[in-house]
Every structure is written in C-alpha cells, then in structure tokens.
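Below is one structure; the comments refer to it alone.
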There are 2 protein chains.
Amino acid sequence: MRDLDETDFEILRLLLDDARRPYSDLAEAVDLSPPAVSDRVARLRDVGVIRRFTLDVDRTQLHGGTPVLVDLEVDRATTAVSAVRQALLDSGSVEHVFTTAESHLVFQARVPDSDFAAWLFDVVDEAAIGSYDVTLLSGVDWSPDLGGTEFGLTCVQCGNTVDTEGVSTRIDGDLYQFCCPSCETRFREKYAELKEGAG
Amino acid sequence: MRDLDETDFEILRLLLDDARRPYSDLAEAVDLSPPAVSDRVARLRDVGVIRRFTLDVDRTQLHGGTPVLVDLEVDRATTAVSAVRQALLDSGSVEHVFTTAESHLVFQARVPDSDFAAWLFDVVDEAAIGSYDVTLLSGVDWSPDLGGTEFGLTCVQCGNTVDTEGVSTRIDGDLYQFCCPSCETRFREKYAELKEGAG
DNA sequence: AATGAAAGGATTAAGCC
DNA sequence: GGCTTAATCCTTTCATT
C-alpha cells in the first residue's frame with residue numbers, strides 16, 4: 001500500500017464538490033492522465049476513504065415526518081450500542097447517528113408527528129435504552145468540505161500515519177487501517193476482549 | 001412545474017446509492033430513455049431537491065482533529081442564527097449543523113485537541129453565543145436512505161403538496177418551494193418582518 | 001418522452017521508467 | 001508500482017419527431 005498524497009486529497013475535494021465530474025476533468029486539474037485518476041479513485045474506495053458516491057438531498061423539501069434530534073442514553077455494553085446504532089441506521093427514517101464517548105447516541109431523523117415513543121421502540125430494543133430526549137429541528141445542513149483534514153491515513157490502534165507497511169482489514173463488517181501488523185494484532189485482541197466483556 | 005412522481009423517487013434512491021451510475025442504467029431501471037432520465041435529474045437539481053452530487057467520505061480515516069458534537073445556544077434573532085450557522089458551515093471543520101426550533105445550533109466538527117473555546121470564537125462571533133456544550137464523539141454514521149419519505153414537494157408556507165401551480169424561488173440564497181404565488185407573498189412578508197425585527 | 005446521430009468520457013491493453 | 005498513450009467501447013447530449 002501507498003500513502004495518500006496531496007493529489008489524492010485534491011481529487012477528494014473535487015469529487016466532494018461534484019461527484020459526477022468527469023475523470024478527464026479531474027485529470028487535468030491534478031495533472032495526471034484519466035486512467036491514473038481512475039486508479040486513485042479505485043484505491044480510495046478500496047481503502048474505505050470513499051464510502052460511496054452519493055447525493056446531498058434537501059430532505060426538508062420532501063414529505064415524510066417531522067425532523068427531530070434525539071439524544072439516547074444506551075446501555076454501556078459495546079454490543080448494545082452498536083446494535084442500537086445499526087437498528088437506527090437501518091430504519092429508513094434516521095439520517096445521522098453520532099456515538100458519544102459516553103455511550104449516548106445522538107441522531108437526526110424524520111418521525112411521525114404523533115407518538116414518538118411508539119416509533120422509537122418499534123425501531124430499537126426498549127430494554128437497551130435508558131432515557132431519551134427529543135428536540136424539534138428547523139434546519140439540517142451539511143458541509144461537504146474536507147476542511148482542516150491533513151493528508152494521510154491514521155492507524156486506529158496507535159494514531160500514527162499509515163504508510164507502505166500499512167494493513168487494511170475488515171473486522172465485523174467495518175474497515176480499519178493499521179500502520180503495522182502488530183497494531184492490527186493488538187487491536188484485534190482489544191476488540192475481542194471488549195466484545196466478550198459486553199456479550 | 002410538475003409534481004415529483006414515483007419515478008423521480010426511484011431515480012433519487014438509485015443515485016443516493018451510487019451517484020455515478022450511468023443515466024442509461026437508470027433509464028433501464030425506471031423504464032425510460034436516457035435523455036428522459038437526464039431531464040428529470042436536471043429538474044431535481046433545479047428545484048433544489050438534489051443539492052449536489054458528492055461523496056460519503058469516512059473522515060475517521062483521515063487526520064485532522066478530534067470529532068465533537070457541540071450544542072450552541074444562540075441569540076434568538078433570525079439573522080444571528082443564520083449568520084452563525086453560515087460561519088460554521090464555512091469554517092471547513094464543521095460537517096453537520098442542526099438548527100433546533102429553540103434557536104440552538106447543534107453541530108458536529110473536528111476540532112484541535114486543545115483550547116476549544118479559542119477555536120470556536122475564531123469561527124463564530126462570540127457576542128451571538130449564549131452558552132455552549134461540547135461532547136466527545138467516538139463515531140459518526142450516515143444512512144443515505146430516502147426511507148419513509150413520501151413523494152411530493154411541500155410548500156414551506158402552508159405545508160401543502162406543491163403541484164403544477166407551484167413556484168420555486170431563491171430568497172437570500174436559499175431555495176424555497178411554494179404551492180401558489182399567494183403563499184410565496186405571505187412567506188416573503190413574514191420573512192421580511194422577521195429580518196427587520198431581528199436586525 | 002423517444003429516437004438517432006454526433007460529441008464526449010471511461011476503460012482497457014501495451015509499453016515506459 | 002505507478003504512470004502514459006492510443007484504441008475501443010460506452011454514455012451523454014442535441015436536434016428532431
């Protein structure tokens with residue numbers, strides 16, 4: 001594997017702004033040939049930096065429930081948190097889910113006007129929820145900038161930059177980057193412990 | 001103008017899943033010709049339902065600050081709220097901004113590890129902020145589904161479905177849909193009052 | 001909204017450094 | 001390994017009905 005370089009970031013920025021921009025355009029912008037750009041985009045996908053090409057849709061213009069922000073207090077067990085998060089993401093009404101360091105899930109959704117609790121406990125397991133708090137929203141905005149992000153991949157175990165020695169692995173469906181095999185091993189051990197302790 | 005129909009929604013769903021899918025593919029999926037799909041996509045853009053073609057990027061894989069969720073209490077003046085929101089969106093470090101019905105701004109950002117307050121007041125006007133609250137995040141997820149969204153555009157003034165009589169107008173840079181010209185007039189009046197009262 | 005022709009972009013394969 | 005060029009194939013656009 002190779003480091004991401006400034007060119008990859010320039011490609012990301014350009015695609016973030018218009019994901020349908022022709023590769024030949026990108027190629028010109030970053031001074032490469034179209035196939036070279038295509039290769040880099042493919043690598044960005046493989047490595048999981050680009051999760052998908054998609055749309056920014058203005059959902060306030062579409063029917064379908066009241067936009068709310070919800071703060072959920074979840075059981076501290078790792079599996080409970082990720083199970084609830086996954087249930088929310090799969091519900092079809094939830095757009096964003098933020099997991100806090102204290103095992104809260106804050107999410108934004110469009111819900112039926114009446115009986116929020118019925119909707120919630122239809123989506124997630126009531127037993128896993130401590131308390132919750134609902135706020136009405138009047139606006140939802142998204143800035144698809146890369147902003148202050150510097151370049152380079154970070155090792156999820158030690159935080160170092162991932163370079164040529166790097167390894168990328170899928171664990172339980174999620175893609176993780178490591179700077180070296182030993183970080184991968186340590187992470188897997190930590191992960192297994194967490195999972196066991198929680199299950 | 002014409003209503004959005006089930007075909008438009010099918011196109012949205014398909015593009016949400018892969019925004020680079022060829023129009024010829026979409027055409028086959030919805031049983032139309034490629035130019036017809038192209039026209040519909042152009043209309044979805046014109047009307048503001050599609051804000052842009054973009055990427056879903058896994059920012060946890062990139063360097064650049066600690067992910068946090070912030071709850072900002074802002075002056076209730078409409079202009080203050082939208083000015084602060086715009087400043088956040090333009091900062092480059094803020095990804096999502098939710099505006100609550102009570103003039104709070106809840107946003108997700110990646111910020112420098114130290115001195116959050118310095119960062120915040122570098123981005124937004126300190127005078128407009130009442131209080132704020134910061135939470136550390138361990139995960140940020142997004143579900144690009146259309147979910148329970150039924151079809152049709154909603155009038156921002158009265159909530160009715162926007163049909164053939166509809167009008168779409170840009171006010172202060174934002175695109176709004178109205179079911180009829182009189183709703184547009186009423187909205188403009190309300191908007192002007194709000195602006196005056198706040199300024 | 002469909003058709004067909006013309007223009008434009010993507011992808012492949014071969015070869016270079 | 002990563003790049004380029006050139007050829008091929010596919011997609012989009014435009015004029016027309």
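These numbers were taken from a predicted model, which means no experiment stands behind them. A, B, ... follow the sequence lines: proteins, then strands. Residue 1 opens every chain.
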Taking distance alone, no hydrogens or angles, what donor-acceptor pairs closer than 3.5 Å link side-chain atoms of residues 124-138 of chain A to residues at least two apart or in another chain?
residue, atom, partner, partner atom, Å
A/Asp125, OD1, A/Ala127, N, 3.2
A/Ser131, OG, A/Glu73, OE1, 3.0
A/Ser138, OG, B/Thr99, O, 3.4

Legend entry - Qualifying salt bridge (charged side-chain N to carboxylate O under 4.0 Å, His left out) pairs, either residue in residues 86-105 of chain A, two or more places apart: A/Arg59-A/Glu95, A/Glu95-A/Arg110
Legend entry - Protein-nucleotide distance (B/Arg45, atom CZ; D/dT12, atom P), rounded to Å: 14 Å
What's touching nucleotides 15-17 of chain D from the protein side, N or O pairs under 3.5 Å?
none

Legend entry - Sub-4.5 Å side-chain heavy-atom contact between B/Leu44 and B/Leu4: yes
Legend entry - Phosphate OP1/OP2 of D/dG2: any A/Arg40 side-chain N/O under 4.0 Å: no
Inset, instruction - Using atom CZ of A/Arg43 as one end and atom P of D/dG1 as the other, report the distance to the nearest whole Å. - result: 11 Å
Inset, instruction - Start with the C-alpha distance between A/Leu72 and A/Leu120, add both sets of side-chain angles, then the distance that settles side-chain contact (heavy atoms from CB on, under 4.5 Å), and finish with yes or no. - result: CA-CA 10 Å; A/Leu72 270 190; A/Leu120 180 63; 3.9 Å; yes
Legend entry - Euclidean distance, B/Phe53 CZ relative to A/Thr54 OG1, rounded to 0.5 Å: 9.5 Å
Legend entry - Length of the line joining A/Asp39:CG and D/dG1:C1', which is rounded to integer Å: 10 Å
Legend entry - Bend angle of the helix from C/dA1-D/dT17 to C/dC17-D/dG1, from helix axes over five pairs at each end, nearest 10°: 30°
Inset, instruction - Drop me the distance from A/Arg43's CZ to A/Ser38's OG, to the nearest 0.5 angstrom. - result: 11.0 Å
Inset, instruction - Please tell me which of A/Pro34 and B/Ser38 maps to the more 5' nucleotide of DNA chain D, matching each residue to the nucleotide holding its nearest heavy atom. - result: A/Pro34
Legend entry - Between OG on residue B/Ser82 and CG on residue B/Leu89, distance to nearest 0.5 Å: 11.0 Å
Inset, instruction - Residues of residues 15-32 of chain A with any non-hydrogen atom less than 4.0 angstrom from an atom of DNA chain D: list those, numerically ordered, please. - result: A/Arg20, A/Leu32
Inset, instruction - Answer yes or no: is there an ion pair linking A/Asp18 with B/Arg52, defined by an N-O contact shorter than 4.0 Å? - result: no
Enumerate, atom names and distances included, each donor-acceptor pair closer than 3.5 Å involving a side-chain atom of residues 20-27 of chain B, sequence neighbours excluded.
residue, atom, partner, partner atom, Å
B/Arg20, NH1, A/Ala19, O, 2.8
B/Arg20, NH1, A/Arg21, O, 3.1
B/Arg20, NH2, A/Arg21, O, 3.1
B/Arg21, NH2, B/Leu14, O, 3.4
B/Arg21, NH2, B/Asp17, OD2, 3.2

Legend entry - Short N-O contact, B/Asp5 and B/Arg40, less than 4.0 angstrom: yes
Inset, instruction - Assess whether side-chain contact (heavy atoms from CB on, under 4.5 Å) is satisfied between A/Leu12 and B/Val57, documenting all intermediate values. - result: CA-CA 9 Å; A/Leu12 278 179; B/Val57 167; 4.3 Å; yes
